[in-house]
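Below: one structure, written as structure tokens.
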Amino acid sequence: MKSITNLSKVLLPAILASVAFTACKPGKAVDSVDGDASKKVYVAPGKYDELYMFASGGFSGQVAAYGLPSGRLLKVIPVFSQNAENGYGYSEETKPMLNTSHGFVPWDDAHHTQLSKTNGQDDGRWLFINGNNTPRIARINLSTFKTEEIIELPNVGGNHASPYCTENTEYIVGNTRFSIPMDATQDVPIDSYKENFKGAATFIKVDKEKGTMNVAFQLIVPGYNYDLARAGKGVSKDWMFFSTYNSEQANTLLEVNASQRDKDFIMAVNWKKAEALVAQGKGKRVPAKYAHNVWDEKTHSATSTMMKDVLMLNVQDYPGLVYYIPCPKSPHGADVSPDGEFFVASGKLAAVIPVFSFKKMLAAIEKQDFEDQRADMGIPVLKYASVLEGEVEKPGLGPLHTEFDDQGYAYTSMFVSSEIVKWKVSTREIIDRIPTYYSIGHLSVPGGDNKKPYGKYVVALNKITKDRYLPTGPELTQSAQLIDITGNKMKLLLDFPTIGEPHYAQSIAADLITKNQVKFFKLEENHHPYAVKSEKDTRVVRKGNRVDVYMSAIRSHLAPDNIEGIKLGDEVYFHLTNLEQDWDVPHGFAVKGANTAELLVMPGETATLKWTPDRSAIFPFYCTDFCSALHQEMAGYVRVSPANSNVPISYKIGNNPLAKK
Ligand code: RUQ
Ligand code: CUA
């Protein structure tokens with residue numbers, strides 16, 4: 001590699017290009033961008049991007065916010081994983097956010113971001129994302145970019161078909177990727193899959209004003225693997241469409257055994273009907289243990305409540321609730337056209353992309369146009385030909401996901417042939433294709449699942465980058481590609497690295513977010529039990545071996561900054577209130593030997609670091625955020641004496657009198 005670093009920059013692109021060819025990937029890698037592209041993505045210093053893009057971090061468990069078209073990373077929003085950047089999941093206030101029925105789970109896998117909707121349009125209020133491994137759904141408040149709520153999904157294994165939003169955010173829906181026996185079922189042999197394993201399609205009611213989530217009901221559905229979903233809209237707004245694979249119901253060697261049948265299914269659920277049944281008191285409350293964690297902006301603290309039961313409806317008992325539609329070979333994405341009339345499912349192993357008609361589906365239901373063989377649990381299967389509008393032929397290899405623009409076109413990602421295919425929804429004819437580098441998974445058109453997509457771009461979210469960037473050891477960066485879709489031909493504009501694996505992303509016009517921004521938290525509204533409203537209230541209080549330090553931060557000091565009387569064996573809680581009432585002035589806190597993390601405290605907020613000193617010594621502490629010219633002076637000392645010492649608690653800052661309690 002040494003010789004490469006010595007090569008001139010002129011030679012490097014040529015080498016990379018040749019690597020691309022030897023890597024046996026389609027397309028020509030480097031020179032597909034012209035000078036015009038740079039103008040289209042250049043956002044001059046001091047200027048704002050046109051859109052926010054929210055991408056999942058995949059195995060990082062977080063969300064990242066980027067600006068488009070520049071691809072500039074704006075923020076990592078911690079969700080399902082502890083985040084050392086700001087103490088999320090480490091501070092006493094945020095730890096409950098990561099509580100589950102399995103205990104504290106500080107790292108998960110997050111796949112799909114989903115913006116809240118009003119009237120089928122992204123409204124910029126909240127962003128939802130799924131925790132895949134330990135099934136959870138989170139809600140992020142887009143006025144603060146903070147995770148405000150996380151709810152666990154009982155009876156679910158691998159929350160992958162999640163979280164999908166109905167037209168007016170009535171529900172956020174998730175379903176199991178791995179059917180499992182329902183939680184209340186006892187220990188059973190894995191071989192009893194066909195008998196005992198089921199899916200649980202989970203409908204989470206979202207409060208219209210506050211956004212708070214509650215599991216409204218779960219539908220017990222056939223024991224298949226549910227991969228993805230989309231809500232209907234417009235004509236189909238009362239329905240939800242899930243892709244389903246492993247209709248073979250294999251429980252071992254899935255790569256072979258779950259690919260036996262020529263067709264798997266789309267599951268269509270009439271959620272309006274389910275809602276009506278629930279309103280009539282149908283269903284059964286079943287014991288289930290799952291955590292519901294809520295962040296309170298007034299106390300700047302989270303609480304975790306363990307829920308005890310869930311309302312379940314067995315779809316077997318309610319004919320007309322659920323239908324299956326055959327769909328070629330292990331469908332992955334299930335996507336709905338802007339008018340809600342067509343739904344498209346992409347079989348990873350299929351040679352065509354079927355486009356189904358909602359109208360035809362209703363007609364087929366009406367006529368009971370069923371196949372002879374029913375699905376698991378006796379659920380009727382509609383005839384493929386009766387629901388099919390048509391197929392997109394020879395689209396490429398490995399179709400996965402489809403999104404739509406505002407001009408009547410659809411864009412489908414092709415994992416195996418590494419490309420995006422543009423086709424016309426009304427005729428299903430292929431209009432254009434563009435290579436992606438490489439192995440595209442999801443793709444995302446801004447507003448691509450809205451009634452009126454924003455269009456303009458499609459973002460390719462790629463699994464492999466190989467030769468696209470400077471290498472970084474065995475693991476190369478993940479990547480997104482921005483493609484212009486305003487013309488007849490799609491045009492690659494930009495590659496940009498992403499944090500974690502960007503499974504999916506959604507983008508939204510910037511002004512829908514910027515107009516709601518919270519600039520700081522009002523100090524007078526801070527109801528944290530350990531908050532101080534001014535420096536005069538700062539104090540140190542001992543109760544047995546627990547010591548609470550009520551500390552404040554303001555440019556450029558922490559108060560108190562000299563603390564004595566702590567003893568070995570004490571548990572010390574530093575409650576830091578940031579007294580600033582100004583935008584973008586966080587203060588940090590770190591104390592030597594603290595084995596959790598640092599804190600980063602927003603203006604007007606209080607956060608707590610628990611610290612158990614391990615020796616008798618003088619420990620420095622300091623602000624970790626370069627907040628002012630005198631940031632380096634924003635520091636202090638805490639004295640820890642031996643366990644048997646009788647040094648009394650005392651604290652001060654300069655000669656300022658601090659409250660004595
Ligand atoms: S997935 S590459 Cu986890 Cu959404 Cu389709
Ligand atoms: Cu506050 Cu540095």
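Start at 1 and go down the list; that is how both ligands and their atoms are numbered.
- Excluding waters, the set of protein N, O or S atoms lying under 2.8 Å from atom 4 (Cu) of ligand 1 comprises H112 NE2, H442 NE2.
- Angle ND1(H631) to atom 2 (Cu) of ligand 2 to SG(C627): 130° [nearest 10 degrees].
- D625 has its closest N, O or S atom to atom 2 (Cu) of ligand 2 at the position named O.
- Aromatic pair Y224/Y324: ring centres closer than 6.0 Å.
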Before giving the answer on salt bridge (Lys or Arg N to Asp or Glu O under 4.0 Å), spell out for E85 and K75 the whole-Å C-alpha distance, their side-chain angles and the decisive distance to 0.1 Å. CA-CA 11 Å; E85 192 182 338; K75 188 177 182 66; 5.6 Å; no
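- Under the 6.0 Å cut-off for aromatic ring centres, H112 and H442 qualify, their centroids lying closer than that.
- For the atom pair I150 CD1 and T134 OG1, the distance stands at 11.5 Å (nearest 0.5 Å).
- The aromatic ring centroids of W239 and F343 lie 6.0 Å or more from each other.
- Going from atom CG of D561 over to atom OG of S552 covers 10.0 Å, rounded to the nearest 0.5 Å.
- In summary, the aromatic rings of Y530 and Y573 are positioned with their centroids too far apart to meet the 6.0 Å limit.
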